[in-house]
Amino acid sequence: MGRTVALAGASGYVGGEVLRLLLAHPELDIGTLTAGDSAGDQLGLHHPHLPQLAEIPLRETTVTNLAGHDVVILALPHGQSAAIATELDQRGEAPLIVDCGADFRLGDTEQWQRYYGTPHAGTWPYGLPELPGARNQLTQTARIAVPGCHVTAATLALFPALAAELVAPDVTVVSVTGTSGAGKAPKPHLHGAEVMGAATAYGVGGTHRHTPEIVQNLSGVTPTADPVAVSFTPVLAPMPRGILATCSAPLAPDTTETHLRSVYESAYADEPFVTLLEPGVWPSTAMTLAANTAAVQIAVDAQANRLVALASLDNLTKGTAGAALQSVNIALGHPETTGLPMAAVAP
């Protein structure tokens, strides 16, 4: 038998995606599943696409129910993970805790309080292995903070150019996403009649909570001391899954597309889950549907003297649940690709 995994928030979209991936993982076994208002239901009521698990009961999300497992994955609303993690720490439980929410992503207390309005719980090793330095932090760690989904797309699109100082540290990100990124709780603006046939911007003007996380990631790889300026606009599209981020930044003097492409090729040459597409092929959310992959492409807008970098990924897979298990693999010493799909679903 493999290591056992408890999952809090199992009835939600992220919880369902974690379970789908765990079913294919040869080294991890599904243990106790918990939920909030859905406690007492059988899992099949919420995830009929997982018939193997349909009769598993959802228990109340308590530390007692989560204790006694090798891994605890928290797929909870922002602000709910910290208290559970603290109590598990106090009990000496769960050698590996993975938070799919935002509670431990940010290193800046002031930024956390500005965007979330609650006390900062701390900072854990960051679950984006492709980010320079992240794998070293994830190796044998006992705590993992999974990135935001928009953040993953923007970071993968931009960090090679910023790290090589081929663009100015002043970037624009417009990131289109499907409705599952907003979670499963019913919200009027996510009703089918509101979403179908419409694209809607939200979190405009630097107000979206992923903004400081994008700043944190890109500033961390940029040689200059000043933080990277980020203008981030998310857009809700009438699709259930997927993210397509279109990012741009002014080119540094004498930067050529040939130089940029060589930098991106070097950055992603050994990355199993990130593909730099051939010139002229543009990322699509369909390329990455239900796969733990990201597709990246770059171009130079010569008239505007800007880099344009695009990245697509599935917000529930590479954007959240897949990133969680990819990081778990590293922390537990498994091959990084273990149990993770690289083939997308089509059409």
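The chain is numbered in sequence order, starting from 1.
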Would you say the side chain of [Y] lies within less than 4.5 Å of the side chain of [X], judging by non-hydrogen atoms?
X      : Y      : value
Leu19  : Leu43  : yes
Pro234 : His210 : no
Leu332 : Leu28  : yes
Asn292 : Leu21  : no
Leu218 : Pro169 : no
Val98  : Ser327 : no
Ile73  : Val5   : yes
Leu325 : Leu340 : yes

Report the distance from atom [atom1] of [X] to atom [atom2] of [Y], rounding to the nearest 0.5 Å.
X      : Y      : atom1 : atom2 : answer
Leu22  : Thr4   : CG    : OG1   : 11.0 Å
Leu138 : Gln326 : CG    : CD    : 9.0 Å
Tyr13  : His47  : OH    : NE2   : 9.5 Å

Exercise for review: Could you list the residues that satisfy side-chain contact (heavy atoms from CB on, under 4.5 Å) with Ala164, not counting sequence neighbours?
Suggested key: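 Checked Ala164 against side-chain contact (heavy atoms from CB on, under 4.5 Å); matches are Leu166, Val263.
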Exercise for review: Can you sort out the partners of Ser38 under side-chain contact (heavy atoms from CB on, under 4.5 Å), two or more places apart, ordered by chain and number?
Suggested key: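 side-chain contact (heavy atoms from CB on, under 4.5 Å) check on Ser38 returns Ser11, Ala35, Asp41, His46, Leu58.
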Point to revise | Single-linkage hydrophobic cluster Phe273~Met287, side-chain heavy atoms < 4.5 angstrom | key: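 In one cluster with Phe273: Met287, no.
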Check your understanding: Has the side chain of Arg209 got a donor or acceptor atom that lies under 3.5 Å from a matching backbone atom of Trp112?
Key ->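 Not a single qualifying donor-acceptor pair exists.
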Check your understanding: Is Ser266 reaching over with its side chain to a backbone N or O of Ser262, donor-acceptor style, under 3.5 angstrom?
Key ->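 No, Ser266 side chain to Ser262 backbone: no donor-acceptor pair under 3.5 Å.
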If you link I, L, V, M, F, W and Y whenever their side-chain heavy atoms are under 4.5 Å apart, who else ends up in the same group as [X]?
X      : answer
Val235 : Val174, Val176, Met239
Ile84  : Val63, Leu66, Val72, Leu74, Leu76, Leu88, Ile97, Phe104, Trp124
Val345 : Leu289
Ile243 : Leu313

What pairs with [X] under salt bridge (Lys or Arg N to Asp or Glu O under 4.0 Å), at least two apart in sequence or on another chain?
X      : value
Glu60  : none
Glu17  : Arg20, Arg241
Asp108 : none

Check your understanding: Which pairs pass side chain to side chain donor-acceptor pair (under 3.5 Å) with one or both residues in residues 224-240, sequence neighbours excluded?
Key ->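 Those involving residues 224-240 do not exist here.
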Taking distance alone, no hydrogens or angles, what donor-acceptor pairs closer than 3.5 Å link side-chain atoms of residues 275-286 to residues at least two apart or in another chain?
residue, atom, partner, partner atom, Å
Trp282, NE1, Gly280, O, 3.4
Ser284, OG, Ala286, N, 3.1

Check your understanding: Is it the case that His259 and Asp254 place a side-chain donor and acceptor less than 3.5 Å from each other?
Key ->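 Absent: no donor and acceptor within the cut-off.
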Review point. Looking only at side chains, do Arg143 and Gln137 share a donor and an acceptor under 3.5 Å apart?
Key: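 Gln137 and Arg143 do not have a side-chain donor-acceptor pair below 3.5 Å.
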Practice item. Measure the acute angle between the ring planes of Tyr264 and Tyr268, then classify it against the limits of 30° and 60° as parallel, tilted or perpendicular. Key: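 Tilted, since the angle between the ring planes falls between 30° and 60°.
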Point to revise | All side chain to side chain donor-acceptor pair (under 3.5 Å) counterparts of Ser180, not counting sequence neighbours | key: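 Partners of Ser180 under the side chain to side chain donor-acceptor pair (under 3.5 Å) test: Asn315.
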